[in-house]
Amino acid sequence: MAALASALTMPAEGKLWVQHPKGAAWRLVDYKAGAVLDAVDKMSGARLCELGVDGGAIQLPVSRTAAFDHSHELNLPDISRMSCPHEAPLMSLLRRRFCEDVIYTKCGNVMISVNPYKNIPRLYDLVKHGGGGGGGGSKDPPHIFDIAARAMASVNAGAGAQAILVNGESGAGKTEATKRMLSYLVWLNSSNFQNPTGADRIEDLVMSSNEVFEAFGNAATVNNINSSRFGKFLQLRLKPMGGPDGAHFISGVAATQFLLETSRLSLQAPGEQNFRILYQLVAGASEAQRLELRLRPSPQDYAYLADHAEKGATAAAAAAEDEDDEDSVSQQFGMTVSCMAKLGFDDALISSVMRVLSGILALGNVRFIPKTDDSDASKVDEASLIDLEDAKELLGWKDQNIAEVLTCRTTSAGLNRARAHRRTVSVQYIPLTFAQASAARDGLAKIIYSSLFDLIFETFNKTSESAGTMPAEDVEAAAAAAAAASDVTFTASANPADAAATAAGDDVYIGILDIFGFEILERNNYEQLCINYANEALQSLFNEHMFVYEFEMYSKEGIDCEHITYKDNGDLMSLFVDKTNAGIFPLIDEQGLLGARGSDA
């Protein structure tokens with residue numbers, strides 16, 4: 001933040017940034033007869049200043065003023081060109097550009113994006129932005145494509161694997177930005193290396209995977225009707241052409257998911273919803289599928305999908321209801337199934353996935369009651385025996401006593417796994433209470449859904465492993481064309497081992513991390529706490545690269561620069577992970593290991 005206005009920096013008249021007394025909003029005022037007073041603000045302890053504005057006089061603490069520079073009123077495409085930057089002119093610049101439908105603004109190597117919540121004509125026109133300006137140079141207009149082009153240019157220059165971090169608040173447009181960058185990189189691959197077949201396969205896979213990932217991993221939250229409840233890391237795998245320019249072509253794509261919010265399956269906060277695929281299945285299944293999957297007519301017939309919102313539901317939930325009417329959700333289901341087929345799911349596997357989803361919904365309807373009035377033991381409520389039978393049939397448990405599994409736990413004694421030393425095993429059955437049986441049911445449902453989510457990614461990775469591979473003759477032809485253009489003689493090969501000897505070395509990749517957004521809620525659950533912590537960890541990594549490492553580099557090169565002060569979140573990180581000073585997460589782990597003896601205190 002720039003130095004605040006003071007008795008030494010405040011001219012008698014001019015322009016000044018002033019912060020609203022009840023919030024963080026700033027405005028630029030043109031004042032007359034400005035002066036710093038000897039009086040002190042009772043609340044903040046800061047000295048007061050008096051400004052003549054609009055024919056009157058206002059008094060406010062100096063701490064709520066900030067210096068003005070003429071560059072603050074310019075429509076700069078790159079914030080790094082601004083003099084005396086601080087929060088007020090930065091927010092003003094972003095607001096002005098946003099009002100003109102210019103949602104991208106550079107800040108050195110960082111691209112700031114503001115979600116417009118609407119379609120902007122030709123914003124993502126690949127032909128219009130096709131060249132990428134040679135990799136996102138300083139003369140290029142700010143665009144998300146610049147980041148992708150710069151990553152590809154760095155790979156071709158021999159800089160090795162590249163990573164793009166996409167983060168921000170929930171609903172900021174992170175997933176959309178990821179999709180656009182991937183689409184652009186695939187388009188570049190197709191244009192540069194005349195590999196339309198491989199590029200089309202990869203683009204089809206990437207676009208289809210987004211539909212499937214969002215269906216199984218997204219849900220409506222308080223602040224976002226289509227919030228990603230998981231994180232994913234996408235790797236666009238590249239192989240060297242073997243040419244003199246170090247160019248690479250896309251050979252495949254892989255995805256890794258982490259921290260799926262499985263707790264949402266059995267419990268959603270008021271005004272929030274479950275994973276989208278469950279609503280799609282109930283609304284979009286055909287009559288034949290409904291009979292086979294034993295589906296009920298409405299989401300309200302399922303405990304996991306019933307609307308638990310209190311009277312006066314949140315705006316996000318209301319918007320979700322408007323958007324997700326039955327016809328729309330039914331169409332989404334058809335789109336999801338179609339995209340699953342493109343990812344490598346055959347009809348039998350798709351049918352199996354839908355059976356598992358239906359089984360999870362039926363399992364969630366199983367209810368428990370005490371066996372007797374004076375016993376803590378529980379049993380399945382007779383009213384939900386049909387749901388239990390449906391779950392057994394759909395999940396392939398016909399020959400197992402699932403009621404006993406859900407209402408009892410077993411302990412074994414005398415077990416020796418060595419075959420030569422078998423001993424009699426004593427098995428003890430311990431009945432579960434109503435609450436414990438319900439928790440066991442939900443835990444089982446979460447494990448099944450998590451495994452299903454893993455299957456989605458495994459199938460995608462298997463299908464896309466070699467989706468973009470170019471035939472050897474095409475690799476040689478493209479590389480030879482590049483050589484002819486530069487009058488360089490070389491040997492090209494589609495074999496990575498051979499390519500390593502000719503150009504850029506082993507296969508590399510461009511990785512894009514699309515992390516779930518942080519949310520500011522009145523009360524966070526544990527999963528949202530972990531999500532917010534992950535964002536803080538990424539912010540710490542960003543600080544190291546943007547401030548610490550850069551300053552060290554300047555020092556080594558003998559550049560005289562003022563040490564940059566920034567808000568370090570190291571103390572906050574230590575509060576959660578420090579093992580020596582009783583961090584929150586180590587304490588939770590410790591109590592978890594104690595099992596029933598653990599305490600929430």
Side-chain angles (χ1 to χ4, degrees), residues 71 74-82 85-87 89-120 122-126 128-157 159 161-188 206 210 228 231-234 236 510-518 535 538-547 549-550 566:
S71 64
L74 300 177
N75 188 13
L76 300 173
D78 191 335
I79 292 175
S80 63
R81 300 178 185 176
M82 180 182 291
H86 52 83
E87 179 185 350
L90 296 185
M91 297 302 297
S92 175
L93 174 63
L94 295 177
R95 185 183 300 109
R96 296 197 309 271
R97 293 174 64 82
F98 176 80
C99 291
E100 297 174 0
D101 284 345
V102 181
I103 65 171
Y104 294 116
T105 305
K106 287 183 182 179
C107 185
N109 291 329
V110 178
M111 185 69 68
I112 300 173
S113 171
V114 183
N115 193 343
Y117 289 100
K118 66 178 182 179
N119 291 322
I120 299 177
R122 298 200 69 190
L123 178 61
Y124 300 110
D125 189 324
L126 291 171
K128 174 183 175 184
H129 299 281
S138 60
K139 296 182 180 180
D140 299 330
H143 199 283
I144 195 67
F145 291 163
D146 295 346
I147 301 296
R150 190 182 308 153
M152 180 63 80
S154 296
V155 169
N156 292 340
Q162 301 294 304
I164 300 173
L165 171 61
V166 185
N167 72 335
E169 190 174 7
S170 180
K174 300 179 295 299
T175 300
E176 183 68 18
T178 299
K179 289 191 289 188
R180 295 298 183 178
M181 284 189 287
L182 284 169
S183 178
Y184 178 73
L185 287 168
V186 173
W187 183 86
L188 275 183
V206 170
N210 281 312
S228 297
K232 67 177 180 287
F233 183 59
L234 295 167
L236 208 59
I510 294 176
I512 303 180
L513 177 62
D514 177 14
I515 191 169
F516 23 51
F518 64 87
N535 278 276
L538 287 172
Q539 182 63 45
S540 178
L541 180 66
F542 175 85
N543 289 345
E544 286 189 16
H545 280 274
M546 295 304 296
F547 299 114
Y549 294 160
E550 288 290 321
Y566 59 92

Quiz item: Which of these, R122, K118, R96, sits in a salt bridge (Lys or Arg N to Asp or Glu O under 4.0 Å) with D101?
Solution: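 Going through R122, K118, R96 one by one, the salt bridge (Lys or Arg N to Asp or Glu O under 4.0 Å) with D101 is satisfied by K118 alone.
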All side chain to side chain contact (heavy atoms under 4.5 Å, CB included) counterparts of [X], not counting sequence neighbours:
X	value
L94	T105, I112
N119	none
D78	S80, R81, K106
L541	H545

Qualifying residues under side-chain hydrogen bond (donor to acceptor under 3.5 Å, both in side chains), relative to [X], sequence neighbours excluded:
X	value
N109	none
S183	E203
Q539	N543
K232	D514

Quiz prompt | For S228 against F516, the heavy-atom pair lying closest together | solution =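 S228 and F516 have their closest heavy atoms at O-CB, 3.5 Å.
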Practice problem: Heavy atoms only: give me the nearest M82-S71 pair and the separation to one decimal. | Solution: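 In this case the closest contact between M82 and S71 is CG-OG, 3.8 Å.
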Self-check item: Test salt bridge (Lys or Arg N to Asp or Glu O under 4.0 Å) applied to R97 - qualifying residues, sequence neighbours left out
Solution: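 So R97 forms no salt bridge (Lys or Arg N to Asp or Glu O under 4.0 Å) with any residue.
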Exercise. Start with the C-alpha gap between I510 and M181, add the side-chain angles, then the distance that decides, and say whether side-chain contact (heavy atoms from CB on, under 4.5 Å) holds.
Key: CA-CA 11 Å; I510 294 176; M181 284 189 287; over 6 Å; no
Quiz item: Would you call E176 and R180 a salt bridge, taking side-chain N to carboxylate O under 4.0 Å as the test?
Solution: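 Salt bridge flag = yes for R180 with E176.
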Practice problem: Take N167 and F542 through the side-chain contact (heavy atoms from CB on, under 4.5 Å) test and state the conclusion after the steps. | Solution: CA-CA 11 Å; N167 72 335; F542 175 85; over 6 Å; no
Quiz item: Taking side chain as C-beta onward, heavy atoms only, is L123 less than 4.5 Å from I103?
Solution: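 Side chain of L123 against side chain of I103, heavy atoms only: contact under 4.5 Å found.
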Self-check item: Verdict with reasoning, I515 to V166, per side-chain contact (heavy atoms from CB on, under 4.5 Å)
Solution: CA-CA 7 Å; I515 191 169; V166 185; over 6 Å; no
Exercise. Could you pull out all residues at least two apart from Y104 that satisfy ring pair (Phe, Tyr, Trp, His ring centres under 6.0 Å)?
Key: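 If we apply the ring pair (Phe, Tyr, Trp, His ring centres under 6.0 Å) test to Y104, skipping adjacent residues, the hits are H143.
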Quiz item: Just checking, is any N or O donor in the side chain of S154 or R150 under 3.5 Å from an acceptor N or O on the other one?
Solution: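 Note: S154 and R150 side chains miss the donor-acceptor criterion.
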Exercise. Spell out, as yes or no, whether a donor-acceptor pair under 3.5 Å connects the side chain of N115 to the backbone of K174.
Key: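 No, the answer is negative, given that no donor and acceptor are paired below the 3.5 Å cut-off.
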Practice problem: Would you please test Y124 and F145 for side-chain contact (heavy atoms from CB on, under 4.5 Å) and show each step? | Solution: CA-CA 8 Å; Y124 300 110; F145 291 163; 4.0 Å; yes
Practice problem: Could you tell me the separation between the CD1 atom of I512 and the CD1 atom of I164, rounded to the nearest 0.5 Å? | Solution: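 Answer for the CD1-CD1 pair, I512 versus I164, is 4.5 Å.
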